[in-house]
Asker: 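Sharing a structure here in structure tokens format.
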2 protein chains.
Amino acid sequence: MARARTTLRDVAQKCGVHLSTVSRVLNRKEGYAISEEVADKIRKAAAELGYKTNPFAYSLRVNRSFTVGVLVPDLSNPVFPPIIRGIEHRLAHSGYTAFLGDTDNKVEEEHRIIERMKGRQTDGLILATAHRSDDLIKTCIAEGYHVVLINRSVEDTAVASVINDDAAGIEMAVRHLLELGHRQIAHVAGPQEISTGYQRYLAFLDVMRKQGLEPDEELVAFCHAYSEDEGKLALTRIFESGKRFTAVVAANDLLALGCYDAIEQQGLTCPDDISVTGYNDMPFANKFKPPLTTIHIPLYQMGERAAEAVLTMIQGPLSQPQKITVHPELVLRGSTGPRG
Amino acid sequence: MARARTTLRDVAQKCGVHLSTVSRVLNRKEGYAISEEVADKIRKAAAELGYKTNPFAYSLRVNRSFTVGVLVPDLSNPVFPPIIRGIEHRLAHSGYTAFLGDTDNKVEEEHRIIERMKGRQTDGLILATAHRSDDLIKTCIAEGYHVVLINRSVEDTAVASVINDDAAGIEMAVRHLLELGHRQIAHVAGPQEISTGYQRYLAFLDVMRKQGLEPDEELVAFCHAYSEDEGKLALTRIFESGKRFTAVVAANDLLALGCYDAIEQQGLTCPDDISVTGYNDMPFANKFKPPLTTIHIPLYQMGERAAEAVLTMIQGPLSQPQKITVHPELVLRGSTGPRG
DNA sequence: TTGTAAGCGTTATCAT
DNA sequence: ATGATAACGCTTACAA
């Protein structure tokens, strides 16, 4: 650090013009009149001296940071890297950069990091950490921050979001299992205070009922987090209920992975004894044994669209918050098979 | 955005003092004399008004951004999230924030992102993207940037780094295999223009020779990237050479995963027919089938130490660049077994 | 113990 | 078509 950057003054001096002229040339604002002659000279000098606009001075002046804060609950969950890359790719395209924050699934950390982002004056916020009822987000919006939710959404707050159609996804999973002949289907549900956990649970009940299969309470277990451990624990509880079942719909891939463990621990095998479906089609989902049948959602593109959304909010005057819903797809792999 | 922040002037006004007094109080510089009375008043007012120092003005003034750039070659590789979290945790502790950049394993992107970081005036750079011979890094250092390498190192350039002892790690892996009775051991080597790939390859040859086992050229295959596909391709080449072997030392976990595929494709099984070792003990390494025997390295702590290193470089006058080496450990799991 | 003022590098509003 | 100048919000000598 501490290299002396060339400033507008430096290039102005070299060209024998005033620095404001240089600023005008380099910014190429509409409707400005500048002689091509001097403009060329200035551009050449700027290039020679390696002029780069000082981001602090610029931001101070225009009151924008050209950054956005991105919060994820757990960077180690493989769903997030593709999302983050999509976000960054789109942001970079517009000269924006992301500040990344990992909340470690802790509300307390969420607050801390949001405070940090606000302190950094990020122009917008992309949050993958939403809870169904989320005062933190409500506050941010009330304060006028531009926020876009990704993957998860909140209830009773008007906020931009890009999510997938959870109901459609779960319906595909359940129908697939039904077609394979399964009738006793268990559900390892996600945290109910998170929209995905709740919506997928609702959808599960709904599809089952539409098929005339009243879902059995004992065949549903709720997890407190989207982690393998929780998935294993949950399915183990179902096993211990003694209730028979031949397939499990897990609310996400990590949970499904935990189900693998529970099944193995019972001395059973997947899919011969129990079929399992996941959700998200996270990287490596195809690498486990067995490769996971799951619901694919376009993570990277969701990231791009979230970035797109936050950028338009930053630029334009905020109208109605955009709600973008992408469509999930069933991807058939090795963890589901005909009822044994 | 665009919320009118309270400035030093606002709180000065409220207290009937000059804004410079407020600045002094809030910064608590050593050896400043300020009456406790007015100091209290100021602190209370600042809290009430929710004063936060404007980062642009501050950075402009002190010529520091309190950010560091972090570059990874591929965020989707599970080794990086823990490293990144370690970095961020340590940085946040000192009021610093990271700008993350994913180079997608492309040199071209590396340049672009480094330029962006420089443009953002990051106070330092933590790079997980180093090549053994890396002009980009050489240039950064020549320009006076504070750079710390993580995981990989460069040759013939004095640069701070936190890496693991590759030779020791590979030695553990090979010895473990030898103890299991293996003699024909293959090596799926990493990219040789990357320090880890090269060092691990060298170490492999070295340990084998120390055991009096001249390594067979046909039992070594080189990969062009650390990816599953490359691992699969490489081991397939070895299979096709027709040379017999009963174990593979892969240069990292992703490569090892590819080896699983190749083994399966041959109609063989791991570890019954072929034992496999990985390197890094990335998240999920224990979740594959079979769980991967690999070399554990303390990713999170390495991240913390890299952050620590860059912070001391930023603060103090740069003396000799720190070289930190952490120690790897063998973790025994299901992918290795006695020679069949 | 506190106030004054210069300056960090920009952009934008005046003039000229 | 270009130059001068005031801000943006802050830190920090230097005065008082």
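Letters A, B, ... are given to chains in the order of the sequence lines, protein chains preceding strands, and every chain is numbered from 1. Note that the structure is predicted; figures quoted are calculated from it, not measured.
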Asker: Output yes when B:Arg112 and B:Glu108 qualify as a salt bridge under the 4.0 Å nitrogen-oxygen rule, no when they do not.
Answerer: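 Judged by the 4.0 Å cut-off on N to carboxylate O distance, B:Arg112 and B:Glu108 do form a salt bridge.
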Asker: Assign each of B:Val38 and A:Thr53 to its nearest nucleotide of DNA chain C by heavy atoms, then name whichever residue's nucleotide is nearer the 5' end.
Answerer: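 So the residue in question is B:Val38.
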Asker: Atom CD of A:Gln13 to atom P of C:dG9: distance rounded to whole Å?
Answerer: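 Atom CD in A:Gln13 sits about 13 Å away from atom P in C:dG9.
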Asker: Going from CG on B:Asn63 to CD on B:Gln121, what distance comes out if it is rounded to the nearest 0.5 angstrom?
Answerer: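 If we round to the nearest 0.5 Å, B:Asn63:CG and B:Gln121:CD are 6.0 Å apart.
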Asker: Compare every heavy atom of B:Thr97 with every heavy atom of A:Phe99, then report the nearest pair and how far apart it is.
Answerer: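 Scanning both residues, the minimum pair turns out to be CD2-CG2, 3.3 Å.
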Asker: Does the ring centre of B:Phe56 sit less than 6.0 Å away from the ring centre of A:Phe56?
Answerer: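 A:Phe56 vs B:Phe56: aromatic centres not under 6.0 Å.
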Asker: Whole angstrom is fine here: how far is it from CZ in B:Arg5 over to C1' in D:dC8?
Answerer: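 Distance check: B:Arg5 CZ to D:dC8 C1' gives 13 Å.
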Asker: Answer yes or no: does a side-chain N or O of A:Tyr51 lie under 4.0 Å from OP1 or OP2 of C:dT10?
Answerer: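 Yes, because at least one side-chain N or O of A:Tyr51 sits under 4.0 Å from OP1 or OP2 of C:dT10.
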Asker: Applying side chain to side chain donor-acceptor pair (under 3.5 Å) between B:Tyr226 and each of B:Asp74, B:Asn77, B:Thr196, report the one that passes.
Answerer: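 Output: one option passes, namely B:Thr196.
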Asker: Is there a residue in residues 16-23 of chain B whose heavy atoms reach under 4.0 Å of DNA chain C, and which residues are they?
Answerer: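 When residues 16-23 of chain B is checked for heavy atoms under 4.0 Å from DNA chain C, the hits, listed by number, are B:Val17, B:His18, B:Ser20, B:Thr21.
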Asker: Figure out the CZ/C1' separation between B:Phe56 and D:dC8, and round it to whole Å.
Answerer: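 Taking CZ of B:Phe56 and C1' of D:dC8, I get 11 Å after rounding.
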Asker: Rounded off to whole Å, could you give me the CG-to-C1' distance for the B:Leu8 and C:dG3 pair?
Answerer: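 My rounded result for the distance is 14 Å.
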Asker: Name the nucleic acid region contacted by A:Ser59, choosing base, sugar-phosphate or nothing; use a 4.0 angstrom heavy-atom cut-off, strictly under.
Answerer: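 The answer is nothing, as A:Ser59 stays clear of every strand by at least 4.0 Å.
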Asker: Rounding to a whole Å, what distance do you find between A:Ile42:CD1 and C:dT10:C1'?
Answerer: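 Rounding to the nearest Å, CD1 of A:Ile42 and C1' of C:dT10 are 15 Å apart.
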Asker: D:dA13 C1' sits how many Å from B:Arg24 CZ, rounded?
Answerer: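 So the CZ-C1' distance, B:Arg24 to D:dA13, works out to 10 Å.
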Asker: Between B:Tyr300 and B:His89, how do the two ring planes meet: parallel, tilted or perpendicular, split at 30° and 60°?
Answerer: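 Geometry flag for B:His89 against B:Tyr300: tilted rings.
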Asker: Charged N to carboxylate O below 4.0 Å: is that the case for B:Glu36 and B:Arg43?
Answerer: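 Yes, this pair counts.
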Asker: Without decimals, in angstroms, what is the distance between B:Glu36 CD and C:dT1 C1'?
Answerer: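 Result: 13 Å.
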Asker: In whole angstroms, how far is the P atom of C:dC8 from the CG atom of A:Asp10?
Answerer: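 It is 11 Å, rounded to the nearest whole Å.
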